[in-house]
Trainee: 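Pasting a structure below so you can have a look.
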2 protein chains.
Amino acid sequence: MKRKTQVNIYDVAKELGVSISTVSRALNDNPKISEKTKKRVKKAADKLGFKKNILASGLMTNKTKIIGVIVPYINREFFAQAINSIEMTAFDLGYKVMICQSADSLERERINIDTLISSRVDGIIMSLSLETNDWSHLQRAIDMGIPIVFFDRVCYDIEHSTKIMVDNFSAAYRATSHLIEKGHKRIGHIGGFMKIKIFQERFNGYKKALNDNNIPLDETIVKETHLTKDDCNKAVKDILDLENPPSAVFCANNLTAITAIFYAQSIGMNVPGDLAVIGFSVDPFATLMKPSLTAVEQPSKEMGKLATERLVEELNGLAEEKATIYGKIILDTKLVVRESS
Amino acid sequence: MKRKTQVNIYDVAKELGVSISTVSRALNDNPKISEKTKKRVKKAADKLGFKKNILASGLMTNKTKIIGVIVPYINREFFAQAINSIEMTAFDLGYKVMICQSADSLERERINIDTLISSRVDGIIMSLSLETNDWSHLQRAIDMGIPIVFFDRVCYDIEHSTKIMVDNFSAAYRATSHLIEKGHKRIGHIGGFMKIKIFQERFNGYKKALNDNNIPLDETIVKETHLTKDDCNKAVKDILDLENPPSAVFCANNLTAITAIFYAQSIGMNVPGDLAVIGFSVDPFATLMKPSLTAVEQPSKEMGKLATERLVEELNGLAEEKATIYGKIILDTKLVVRESS
DNA sequence: TTGTAAGCGTTATCAA
DNA sequence: TTGATAACGCTTACAA
């Protein structure tokens, strides 16, 4: 079955005996067209099954109404929530989303950026891959007039861009302090990849809290992970199998926290009695599980929504040639204390 | 900052003193172009920062290399897994994905379809919304030459399309039989929206298993839900708060199963002692929780991968004007027995 | 092996 | 308020 050549404005124009410009204008609600013809045109278009070819209009207008999105993995809870919110918000604002996964690979991130540029997306919302240590591909997009809004794993080294994040340092400081207030003196930390700013900051907040309470940092109960299942498992075991395991652990993400709780239980430790656990981010299971998980709640959906709204504002500003003020937007986290601590 | 007009093949051609067709051909690896010029062209293109405008090329070729995807919600575990796999597979095959959420609304699904048509996606992969009881919008896409591959919540009423699913009836039959073998005589069922085929089939499999074992169906321990959190909570409570609650429950999705387990525990029931629970679908949490969850595992990633591969095959077939054989692809489920039963 | 020119389906710029 | 026509940036016969 050969792809049928589709109905275009010429067909509609012919049907009505008007010019294609009239059809185009009517379909775009141009004020210079009378209501009567608008109605006629729209009706005929519907009848013929006309669907505007966005490739053609995008070619002319230099706008596609597509937002490119790059995240490490779609199926990580935090990103799934953020993307859900991005798509919903984009939909409301009349945008579509083209979603790419970097799989935490710089190479893939580069390819994704190139693809999005080639697709002439109007703007990009992204969270950096773990490997990203060079920003030239991002700068290239911005130089081509495609604004980028970063969220969560933001890029500090790119100036003309909005960055949406939480105060990871303070959140970690608060979480650790909470454990200290509960009387813990030996507190471990299972973090993310330390080359990434947000995980550094979480680590720094943890260190500062210890320091402010005169608790020495013990490197043997601090682990770095790439947030994969295997990594988390290993880190948890490394720490809990020690002869002298910590009595509490602050985890830089929820997968680790949940893994820690179940592993602790499986080796006969009581949570929170023998081990208090704090996670990071939102997870539907945090409230369901036993014990329920104390966690620093990151507003994933709000971040997605805000990123989208912000990007669209920038896009509109660009169109009106208004100068954009770029900057950081820091959202509040909540330390939600539940049973695991 | 005005959007800079971007580098095009004219710029590249001028730089080298060749024609635009040579540039175009070289960039597309046309065999009629000498290796030498190909190299020169590609180098110059790189140097000038040329990025092919896919809008323009798509307009000519009638191909965008975009796959449209419509799912109810991106942030439901099953769909997040499927989409992860769809994007990965599409990436490998040189396709991009435009992802839409129907939010289980027919109205939104219609809008999404229209948007995807306007975007001239090459094909569509989708899972129906709960409300979808009319297929004209889907038929329209197919009639326009945009093939649709359905997965999970497939549409039986559209003939020229591939459908990828699991045998829900048999899976449910097996799950229920497993509970019966364990000695249960009073088995509840918390299902999905019964207007949807897959949930009907799960219910039917459950009924058949009861029937084959001479267990009468008790409507008071059968509940229908829309798979939302609130719905699941209510259904679980309705059943477990009965004076005469079931000793086992087969849930049509995992959220319900997990909710059931935790609620049962919270009211002092022992799982699986007082209540055995079986879920449906894959969830990272199923293995982690205590007790771990017995579940019918749906191969979400395989479904996504297969759907994408299948769609691309159809697309290639279309290009070569080969007739496509459409049909159902039924993937196996696994009943993974864990602690909750 | 390369160049010329037509055309894809829109929007935009003039005129009328 | 409408119409003719030139773009937009590419691919692709057809010529050379």
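Below, chains carry the letters A, B, ... as their sequence lines are ordered, and counting in each starts from 1. What's counted below: heavy atoms across the whole structure, side chains too, no hydrogens, waters or symmetry copies.
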Trainee: For A/Leu27 and C/dG9, what is the distance between atoms CG and C1' respectively, to the nearest whole Å?
Mentor: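 About 12 Å, once rounded to whole Å.
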Trainee: Is it the case that the side chain of B/Asp122 and the backbone of B/Ile67 share a donor-acceptor pair, with hydrogens and angles ignored and the cut-off at 3.5 Å?
Mentor: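 Side chain of B/Asp122 to backbone of B/Ile67: no pair is present.
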Trainee: Got a donor-acceptor pair under 3.5 Å from the side chain of B/Ser21 to the base of C/dT4?
Mentor: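 Between C/dT4 and B/Ser21, which were checked side chain against base, a qualifying N/O pair under 3.5 Å is present.
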Trainee: Would you call B/Lys52 and A/Asp114 a salt bridge, using N to O less than 4.0 angstrom?
Mentor: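 So B/Lys52 does not pair with A/Asp114 through a salt bridge.
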Trainee: Where the side chain of B/Arg25 is concerned, which of D/dC10, C/dG9, D/dC14 is the nearest nucleotide?
Mentor: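 Looking only at heavy atoms from C-beta outward on B/Arg25, the closest nucleotide is D/dC14.
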Trainee: Using atom OH of A/Tyr10 as one end and atom C1' of D/dG3 as the other, report the distance to the nearest whole Å.
Mentor: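 Computing the A/Tyr10:OH to D/dG3:C1' distance gives 12 Å.
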Trainee: Would you indicate what A/Ile33 reaches in the nucleic acid, counting non-hydrogen atoms under 4.0 angstrom: base, sugar-phosphate, or nothing?
Mentor: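 Sugar-phosphate, no base atom in range.
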Trainee: Counting only side-chain N and O atoms of B/Asn53, is one of them less than 4.0 Å from OP1 or OP2 of D/dC8?
Mentor: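 No.
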Trainee: Of the listed nucleotides (C/dC8, C/dT1, C/dG9), which one gets closest to any side-chain atom of A/Ala56?
Mentor: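 My answer, after comparing the listed nucleotides, is C/dG9.
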Trainee: Quick one: is B/Ser24 getting a side-chain N or O under 4.0 Å of the D/dC10 phosphate, OP1 or OP2?
Mentor: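 Checking B/Ser24 against D/dC10: no side-chain N or O falls below 4.0 Å of OP1 or OP2.
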Trainee: Between the side chain of A/Asn28 and the main-chain N/O of A/Asn30, is any donor-acceptor distance below 3.5 Å?
Mentor: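 Judged by distance alone, no pair lies under 3.5 Å.
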Trainee: Taking only the side-chain heavy atoms of A/Ser34 (C-beta and beyond), determine which of C/dT10, D/dT2, D/dG9 contains the nearest atom.
Mentor: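 Looking only at side-chain atoms, A/Ser34 lies closest to D/dT2.
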Trainee: Using a heavy-atom cut-off of 4.0 Å across all strands, would you classify B/Ile20 as base, sugar-phosphate, or nothing?
Mentor: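 Base, at least one base heavy atom under 4.0 Å.
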Trainee: Determine whether any donor atom in the side chain of A/Arg120 lies under 3.5 Å from an acceptor atom in the base of D/dG9, or the reverse, and answer yes or no.
Mentor: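 Between D/dG9 and A/Arg120, which were checked side chain against base, a qualifying N/O pair under 3.5 Å is absent.
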Trainee: CZ/A/Arg108 to CD/A/Gln101 distance, rounded to the nearest 0.5 angstrom?
Mentor: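 It comes to 7.0 Å.
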Trainee: Which residue lies toward the 5' end of DNA chain C, B/Lys32 or B/Leu59, if each is placed at its nearest nucleotide?
Mentor: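 It is B/Lys32, whose closest nucleotide lies nearer the 5' terminus.
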Trainee: Would you say a side-chain N or O of A/Asn62 is under 4.0 Å from OP1 or OP2 of D/dC8?
Mentor: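 No, outside the criterion.
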Trainee: With a 4.5 Å limit on heavy-atom distance, are the side chains of B/Asp152 and B/Phe79 in contact?
Mentor: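 A side-chain contact exists here, since the closest heavy-atom pair is under 4.5 Å.
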Trainee: Quickly work out the A/Lys63 NZ to C/dG9 C1' distance and round it to whole Å.
Mentor: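 My rounded result for the distance is 18 Å.
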Trainee: Figure out the CG/C1' separation between B/Leu55 and C/dC8, and round it to whole Å.
Mentor: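 My rounded result for the distance is 12 Å.
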Trainee: Could you check B/Thr37 against A/Lys52 and say which one's nearest nucleotide on DNA chain C is further toward the 5' end?
Mentor: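 Of the two residues, B/Thr37 wins.
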Trainee: Please pick, from D/dC10, C/dA12, D/dG3, the nucleotide with the shortest atom-to-atom distance to any side-chain atom of A/Ser19.
Mentor: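 Among D/dC10, C/dA12, D/dG3, the one nearest the side chain of A/Ser19 is D/dG3.
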